[in-house]
Amino acid sequence: MIGTDDGSEPAVPSTGNGATLVIVGGGGFRVPLVYRALAAGPFAGLVSDVVLLDALPARAHAMARVLAAIPGTAKPSLRVESRLEDALPGAHIVFAAVRSGGADGRVLDERVALAAGLLGQETVGAGGISYALRSIPDMMRVAEGIRALAPEAWLINFTNPAGMVTEAVSAVLGQRVIGICDSASGLVTRAARAAGLHLGASLEGVDYVGLNHLGWLRGLQEPGGGPDRLPALLADPQRLGAFEEGRLFGPDLLRTLGALPNEYLFYYYFHREALRSIRAADRTRGEILRDQQGDLYPRLTAAADPLAVWEDARRERESGYLAEARAADEERDEADLAGGGYEQVALRVMRALLTGVRAELILNVRNGTTLPGLPEDAVVEVPAGVDQQGAVPLPARPLAEHQLGLMAAVKAVEQDTIRAAVHRDRDAALRAFAGHPLIDSFHAASSVLKGYEEAFPSLGSTWSR
């Protein structure tokens with residue numbers, strides 16, 4: 001993990017003592033990763049109080065049992081709430097990781113797309129648009145609550161699709177929202193390790209550019225200068241085979257691109273193969289997770305050792321990530337199964353916002369003039385510096401034409417999706433489906449939108465007329 005507290009940057013005393021962190025989606029599966037990092041180590045003492053906000057309090061109470069079992073010398077106090085009005089007052093940081101529609105909603109996103117002959121994936125293509133049409137209205141209500149009840153708080157958004165949600169709520173919160181995702185930083189970490197490069201806390205030598213779940217690592221240097229290590233890595237099949245993205249895309253494509261794509265670009269560069277693999281599977285990824293975790297929360301509530309139950313479930317969950325992109329006998333790397341990405345990004349952002357200790361991370365932030373080919377108000381995923389004033393993109397090299405073309409097409413889809421979600425504009429939703437690069441027919445776009453309206457009755461009933 002780039003810039004983590006593994007010796008690559010010194011631990012610093014926290015001046016965030018007394019801060020309150022509200023986790024929206026507090027019963028979510030990954031909450032223990034964040035709390036564990038707050039309870040011990042360099043992030044200990046960063047916050048003194050954690051509020052778990054969840055519309056299903058039983059889930060949050062079950063997860064609170066896991067958190068109570070986590071060892072640590074500086075464990076924050078815990079409480080569970082079910083209403084924004086009770087959770088938000090006094091918040092300094094709000095961390096949002098919610099799944100609108102739950103596991104069943106994800107399954108419908110996948111199955112409706114597959115029934116229309118399209119890719120069924122959580123955040124990419126038709127499923128990602130459907131998910132955003134549910135996530136954005138829910139997160140707009142959270143943003144409005146923050147503006148009313150905790151106007152000085154920062155929102156760190158992990159709710160998917162993270163780029164679209166972050167861009168939508170920035171209309172309410174302005175610069176006080178920062179989107180995070182661990183896939184880009186994970187790519188940089190794995191590539192640097194394969195290249196024999198130690199990056200430390202600086203992203204000075206990291207040339208990464210894109211949108212959330214759609215980006216490329218284009219250069220990799222030692223901080224302060226030196227040769228770009230990426231070309232030699234891309235030309236070495238043996239080293240490419242040592243990490244996930246190298247195996248995923250293969251030396252031929254990587255040599256052609258001259259860059260390392262984010263793992264989610266598998267669905268673009270190998271669309272036919274991904275669709276064939278997903279259609280051939282007995283269960284979708286959503287169905288697998290729903291089945292794995294169907295009885296998890298009751299087990300967490302009843303278990304004598306809820307932390308062990310959660311840890312077993314976490315490793316099982318991680319082992320199946322992007323399974324359609326791997327060979328049948330290929331397992332994920334042990335380092336990827338161990339976790340350490342998601343919570344490190346979130347907590348380094350939190351620490352920078354609370355203490356002013358500057359951090360450099362790949363984040364979802366307002367474009368401004370960073371990438372001139374995209375709208376200034378667009379949210380992009382690029383290296384950024386964070387301190388108490390917020391996040392500011394670092395300078396970036398111009399986009400290659402093929403990168404700009406794909407990013408511009410997907411960004412137009414994202415902005416139509418936001419328009420549809422915020423203004424309940426069905427024409428904008430249809431335009432988003434029809435314009436997505438992975439949806440090759442207006443008839444398919446019409447069919448999948450109708451399918452989602454039938455699957456989620458509240459969606460079709462709220463379009464403006």
Side-chain angles (χ1 to χ4, degrees), residues 95-100 109 121-140 142-143 155-187 208-217 261-265 267-268 341-342 345-346 349 361-368 370-371 373-384 386 390-393 396 399 403-404 406-422 428-429 432-433 435-438:
F95 180 60
V98 302
R99 179 172 294 284
S100 298
D109 288 339
Q121 208 281 330
E122 177 188 20
T123 61
V124 175
I129 296 171
S130 172
Y131 190 13
L133 291 173
R134 298 194 312 280
S135 292
I136 289 172
D138 286 348
M139 285 303 300
M140 293 295 281
V142 171
L155 172 61
I156 299 174
N157 176 61
F158 195 80
T159 297
N160 275 321
M164 278 194 270
V165 170
T166 301
E167 185 169 327
V169 301
S170 67
V172 177
L173 297 176
Q175 299 296 311
R176 299 192 77 83
V177 56
I178 299 170
I180 68 169
C181 180
D182 53 352
S183 64
S185 55
L187 163 63
Y208 182 93
V209 67
L211 309 177
N212 182 233
H213 289 184
L214 191 155
W216 301 264
L217 176 61
N262 182 292
E263 58 201 343
Y264 285 89
L265 274 164
Y267 297 112
Y268 293 84
Y342 166 91
V345 176
V349 172
L361 303 118
I362 298 173
L363 300 170
N364 287 267
V365 293
R366 187 178 185 272
N367 176 40
T370 308
L371 304 175
L374 297 175
E376 290 191 7
D377 64 347
V379 164
V380 295
E381 190 169 83
V382 293
V386 194
V392 177
L399 294 167
Q403 294 162 351
L404 175 58
L406 184 53
M407 287 174 64
V410 173
K411 178 51 67 177
V413 169
E414 291 185 351
Q415 294 196 324
D416 271 330
T417 304
I418 293 168
R419 188 174 297 110
V422 173
F433 283 107
H436 199 285
L438 300 183

Does a side-chain heavy-atom distance below 4.5 Å link [X] with [Y]?
X: I180; Y: V349; result: yes
X: E263; Y: L187; result: no
X: L214; Y: M407; result: yes
X: H213; Y: S183; result: yes

Between V142 and V98, does a side chain to side chain contact (heavy atoms under 4.5 Å, CB included) hold up when you go through it step by step?
CA-CA 11 Å; V142 171; V98 302; over 6 Å; no

How long is the gap from [atom1] on [X] to [atom2] on [Y], to the nearest 0.5 Å?
X: I136; Y: T166; atom1: CD1; atom2: OG1; value: 10.0 Å
X: T123; Y: I129; atom1: OG1; atom2: CD1; value: 11.5 Å
X: L363; Y: E381; atom1: CG; atom2: CD; value: 8.0 Å
X: N160; Y: M139; atom1: CG; atom2: CE; value: 11.0 Å
X: L133; Y: M164; atom1: CG; atom2: CE; value: 8.0 Å
X: I362; Y: S185; atom1: CD1; atom2: OG; value: 6.0 Å

Side-chain donor/acceptor of [X] to backbone N/O of [Y], under 3.5 Å:
X: T417; Y: V413; answer: yes
X: K411; Y: V379; answer: yes
X: R134; Y: S100; answer: yes
X: E167; Y: A378; answer: no

Which class fits the ring pair F158 and F95: parallel under 30°, tilted 30 to 60°, perpendicular over 60°?
tilted

Less than 4.0 Å between a side-chain N and a carboxylate O, is that true for E122 and R99?
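Between E122 and R99 there is a salt bridge, with a charged N closer than 4.0 Å to a carboxylate O.
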
Minimum heavy-atom distance between [X] and [Y], given as atom pair plus value:
X: P137; Y: A421; value: CG-O, 3.8 Å
X: V382; Y: G210; value: CG1-N, 4.4 Å
X: I156; Y: A346; value: CD1-O, 4.0 Å
X: G215; Y: L265; value: O-CD1, 3.2 Å
X: V386; Y: A391; value: CG2-CB, 4.1 Å
X: T370; Y: A396; value: CG2-CB, 4.0 Å

Given side chain to side chain contact (heavy atoms under 4.5 Å, CB included), test V124 with Y268 step by step and report yes or no.
CA-CA 9 Å; V124 175; Y268 293 84; 3.9 Å; yes

My understanding is that only one of N364, V209, N212, N367 makes a side-chain contact (heavy atoms from CB on, under 4.5 Å) with V380; could you say which?
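Going through the options one by one, the only one that passes is N367.
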
Pair Y208-N262, side-chain donor/acceptor within less than 3.5 Å
yes

For Y131 and Q121, run side chain to side chain contact (heavy atoms under 4.5 Å, CB included): C-alpha distance rounded to whole Å, both residues' side-chain angles, the deciding distance at 0.1 Å, then the answer.
CA-CA 10 Å; Y131 190 13; Q121 208 281 330; over 6 Å; no

